[in-house]
Amino acid sequence: MMAGNRWWQYGSIGMLVLSLGMVGFGTERSVTAGLLDSFGMGGDDAAVVEHPPVPAEYKDKHMPAGGWTDSKAIEEGRKIYMGLVNPEVKCAKCHGDDGKPVKAGARDFRQSKRMDTYEDSFWFWRISEGVPKTKMKPWKELLTEEQRWQVMAFEHAFSHGGKPEAHEHAKR
């Protein structure tokens, strides 16, 4: 009876530790959110965090002038996002048709506070090279630079109620 009781105690302690870790004891956000932040993905909409530094080869990459609101570019981005241009590239498979993730860990493009923190060079880098230790693959071999900008412009609209908007909120 004593040994069985001990296992119950250890199990209870383990569940408590796990629960506190997931919720974030004494913080306003979860540890899970912090882990996602460390990969540059962010864990919730309310938190604003520092992102990993953009590598030198991407630091000077910026959305072409007018690209965030160019209806033709956004429509091309929609086609890419939905897998209509290249069936091997279907962002909606993980991020959902409406920007709401359908797979665990995928970025929710509807979270305006979070998306507004992404500098265009950071976002372009993550699409190009993927996100380490996640299911986000690098797309630079399957998408041209222009196509990556187009899909970014389309994704950005999710965080503004589906409407194109200049992405001037992120600092450079």
- Stepwise, does the side chain to side chain contact (heavy atoms under 4.5 Å, CB included) test hold for Asp116 with His160? CA-CA 10 Å; Asp116 287 351; His160 297 283; 3.4 Å; yes
Show the nearest heavy-atom pair for residues [X] and [Y], with the distance to one decimal.
X: Glu88; Y: Trp139; result: O-CZ3, 3.5 Å
X: Gln147; Y: Thr144; result: OE1-N, 2.9 Å
X: Ser128; Y: Tyr58; result: CB-OH, 3.4 Å
X: Gly67; Y: Ala73; result: O-CB, 4.4 Å
X: Asn86; Y: Leu142; result: ND2-O, 4.1 Å
X: Val151; Y: Cys91; result: CG2-SG, 3.9 Å

Hey, can you pull the donor-acceptor pairs under 3.5 Å for the side chains in residues 92-105, sequence neighbours left out?
residue, atom, partner, partner atom, Å
His95, ND1, Arg107, O, 2.9
Asp98, OD1, Lys100, N, 3.1

Once you round to the nearest 0.5 Å, how far does [atom1] of [X] lie from [atom2] of [Y]?
X: Lys61; Y: Lys59; atom1: NZ; atom2: NZ; answer: 14.0 Å
X: Ser121; Y: Arg126; atom1: OG; atom2: CZ; answer: 11.5 Å
X: Met82; Y: Lys79; atom1: CE; atom2: NZ; answer: 12.5 Å
X: Lys90; Y: Ile80; atom1: NZ; atom2: CD1; answer: 14.5 Å
X: Ile127; Y: Glu155; atom1: CD1; atom2: CD; answer: 4.5 Å
X: Gln111; Y: Ser159; atom1: CD; atom2: OG; answer: 10.0 Å

Would you say [X] has more than 12 foreign heavy atoms packed within less than 6.0 Å of its [atom1]?
X: Glu75; atom1: CD; answer: yes
X: Lys140; atom1: NZ; answer: yes
X: Glu146; atom1: CD; answer: no

Apply side chain to side chain contact (heavy atoms under 4.5 Å, CB included) to the pair Met63 and Trp123, showing each step before the final yes or no.
CA-CA 10 Å; Met63 176 67 80; Trp123 198 342; over 6 Å; no
With sequence neighbours left out, the residues meeting side chain to side chain contact (heavy atoms under 4.5 Å, CB included) with Ile74 are Ala153, Phe154, Pro164
- Query: Is Lys72 paired with Asp70 through a side-chain N to carboxylate O contact shorter than 4.0 Å?
  - Reply: no
Ring-plane angle category for Tyr118 and His51, please: parallel below 30°, perpendicular beyond 60°, tilted otherwise. tilted
Q.
Classify the ring geometry of Phe158 against Phe109: parallel below 30°, tilted from 30° to 60°, perpendicular beyond 60°.
A. parallel
